[in-house]
Amino acid sequence: MNAPLQNDLYLRALNREAIERTPVWVMRQAGRYLPEYKRVRAQAGNFMNLCSNPELACEVTLQPIDRFNLDAAILFSDILTIPDAMGLELAFETGEGPKFGKPIKSRADVDALPIPDPNDSLRYVMDAVSTIRRELNGRVPLIGFSGSPWTLATYMVEGGGSKDFSKVKGLLFSDPETLHALLAKNAEAVIAYLNAQVEAGAQALMVFDTWGGVLSPANYQEFSLRYMQQIVDGVTREADGRKVPITLFTKNGGQWLDLMAKTGCDGLGVDWTTDLSVARKLAGDGVALQGNLDPSVLYGSPESIRAEVKKVLDSFGDAPGHVFNLGHGIHQFVNPEHLTVMVEAVREMSGR
Ligand code: CP3
């Protein structure tokens, strides 16, 4: 039996309830900007060892909760666990980012891809979820996550990170059917993976569409949003008598927030290039918004951090339905004490 939730501000904000203050968590809150993370990461030897060890993954998940008293925990893992489980052979070389030993090169490669059984080849993720949920002991809700089908496809076809996305966009324009076949498989795998996370104890879900914003508006709808719609329609939306909210985040997707809201998701992640007042007009009142401090603000002085936090809170205004976060992941060279300043400013300034 899992302990009852002591702090459910995050879930209530996503439900657009009027609450006493704005909840706050941080994308990539467990990571290399924290000295305690670097110690555990060194102990694990490499990043994938850390992800695949439920005790260590749990330990680093809880580090930012302990240090900053954040209002939500996020599973420590990566979006690239799915393509790894499909057999693409993920490796993280130090300082180089992710690389796949066997990237997707042909229609035959796509047709040969298995849909991983989340309780088999991704069992280590589910074990991390249940371990974290147990160790959180009801302090704050646990967010499970995956990449969007399109964002996963960019890494699978490029073989790693990319600046111009020439291979995956080349495929989009030369052989869209093959790309659709890949996206359909990714969507099926993501749905099974997220549902298994909920079964293992995740209390909210988030889909990271980091690279949807490199597409044209029409192609965004056809190659990214369409498959996120399948996810919204296919995932478990309630567990243990409580709603399991799902948040979609397309980086650089500010102009499409209206279309994203129509998927029926509960929350939308917004990056710092869209003002939250504009985001709210576009998205309407049927979804909550998450964001959207520029992560680089944390390089500034405590006074400027407080001033920028106030601007974000003011841009959202007094209505319910705001989850404070950065507009993208925290940078690795940020001073953690500056994050303390940010979190305390949100607490103080948003109190009602
Ligand atoms: O937010 C959290 O604290 C949970 C953990 C988390 C990680 N990656 C840990 C991680 C989450 C939610 C992710 C998501 C992720 N991974 C995304 C989508 C979100 C985004 O940032 O846009 C993407 C695109 C990836 C793919 C990925 N994983 C890249 C490009 C890299 C290398 C980046 C880098 O800074 O080196 C990773 C590795 C990674 N994932 C690290 C962490 C903490 C750093 C690895 C290390 O410790 O060496």
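Residue numbers run from 1 in the order of the sequence given. Reckoned from all heavy atoms, side chains included, excluding hydrogens, waters and symmetry mates. For ligands, and for the atoms within them, numbers begin at 1 and follow the listed sequence. These numbers were taken from a predicted model, which means no experiment stands behind them.
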The atoms of ligand 1 lying under 4.0 Å from a heavy atom of A30, numbered in the order shown, are 3 (O), 43 (C)
Near Y37, which atoms of ligand 1 are under 4.0 Å from a heavy atom of that residue? 43 (C), 46 (C), 47 (O)
Nearest neighbour in protein (non-hydrogen) for atom 28 (N) of ligand 1: D78 OD1, 2.7 Å
Answer yes or no: does atom CD of E177 have more than 12 heavy-atom neighbours from other residues, nucleotides or ligands under 6.0 Å? no
A student comparing Q29, R32, H328 should find that the heavy atom closest to atom 33 (C) of ligand 1 comes from R32
When rounded to the nearest 0.5 angstrom, what is the spacing between CG in L62 and CD in E36? 11.5 Å
Side chain or backbone, does P98 bring an N or O within less than 3.5 Å of an N or O on ligand 1? no
Would you mind finding which of W25, F249, F47 brings a heavy atom closest to atom 10 (C) of ligand 1? F47
Residues R123 and D117 bridged, charged N to O under 4.0 Å: no
Give, for atom CD1 of I143 and atom OG1 of T247, the distance between the pair rounded to the nearest 0.5 Å. 7.5 Å
Under 4.0 Å from any heavy atom of L75, which atoms of ligand 1 are there? 4 (C), 5 (C)
Should the pair F165 and W211 be assigned to parallel (<30°), tilted (30 to 60°) or perpendicular (>60°) ring geometry? tilted
Check: W25/Q290 side-chain N/O donor and acceptor closer than 3.5 Å: yes
Can you tell me which portion of L50 lies within the under-4.0 Å heavy-atom range of ligand 1? Options are side chain, backbone, both, or neither. neither
Could you find the nearest protein heavy atom to atom 7 (C) of ligand 1 and give me its residue, atom name and distance? S77 O, 3.2 Å
So for ligand 1, is Y155 a polar contact partner (N or O within less than 3.5 Å, distance only)? no
What protein heavy atom lies closest to atom 19 (C) of ligand 1? Include the residue and the distance to one decimal. F208 CD2, 3.5 Å
Hydrophobic clusters here meaning ILVMFWY residues chained together by side-chain heavy-atom distances under 4.5 Å, can you tell me if L9 and L5 are in one? no
When you measure from atom 37 (C) of ligand 1 to every protein heavy atom, which one gives the shortest distance, and what is it? F92 CE2, 3.4 Å
Hey, is Q332 touching ligand 1 through its side chain, its backbone, both or neither, going by heavy atoms under 4.0 Å? neither
Under a 4.0 Å N-O cut-off, is there an ion pair linking D66 with R139? yes
What atoms in ligand 1 come closer than 4.0 Å to a heavy atom of T210? 18 (C), 19 (C), 20 (C), 22 (O), 24 (C)
Please check if the number of heavy atoms outside N46 that lie under 6.0 Å from its CG is greater than 12. yes
Side chain to side chain contact (heavy atoms under 4.5 Å, CB included) partner of M342, the single match among V297, V309, V334: V309
Does ligand 1 come near enough to W211 that some N or O of the ligand is less than 3.5 Å from an N or O of the residue? no
For F145 and F249: C-alpha separation, side-chain torsions, deciding distance, then whether ring pair (Phe, Tyr, Trp, His ring centres under 6.0 Å) applies. CA-CA 11 Å; F145 72 90; F249 172 53; over 10 Å; no
Heteroatom distance test (T151, ligand 1): nitrogen or oxygen, under 3.5 angstrom: no
Specify the protein heavy atom at minimum distance from atom 23 (C) of ligand 1: its residue, its atom name, and the distance to 0.1 Å. I79 CD1, 3.5 Å
Of all protein heavy atoms, the one nearest atom 11 (C) of ligand 1 is F145 CZ, 3.7 Å
Quick one: does G147 get a heavy atom under 4.0 Å from ligand 1? no
What protein heavy atom is closest to atom 48 (O) of ligand 1, reported as residue, atom name and distance in Å? R41 NH2, 2.7 Å
How far is atom 13 (C) of ligand 1 from its nearest protein heavy atom, and which residue and atom is that? R28 NE, 3.5 Å
Could you pull out all residues at least two apart from R107 that satisfy salt bridge (charged side-chain N to carboxylate O under 4.0 Å, His left out)? D111
Membership question, hydrophobic clusters at under 4.5 Å side-chain separation (ILVMFWY): are W150 and I115 in the same one? no
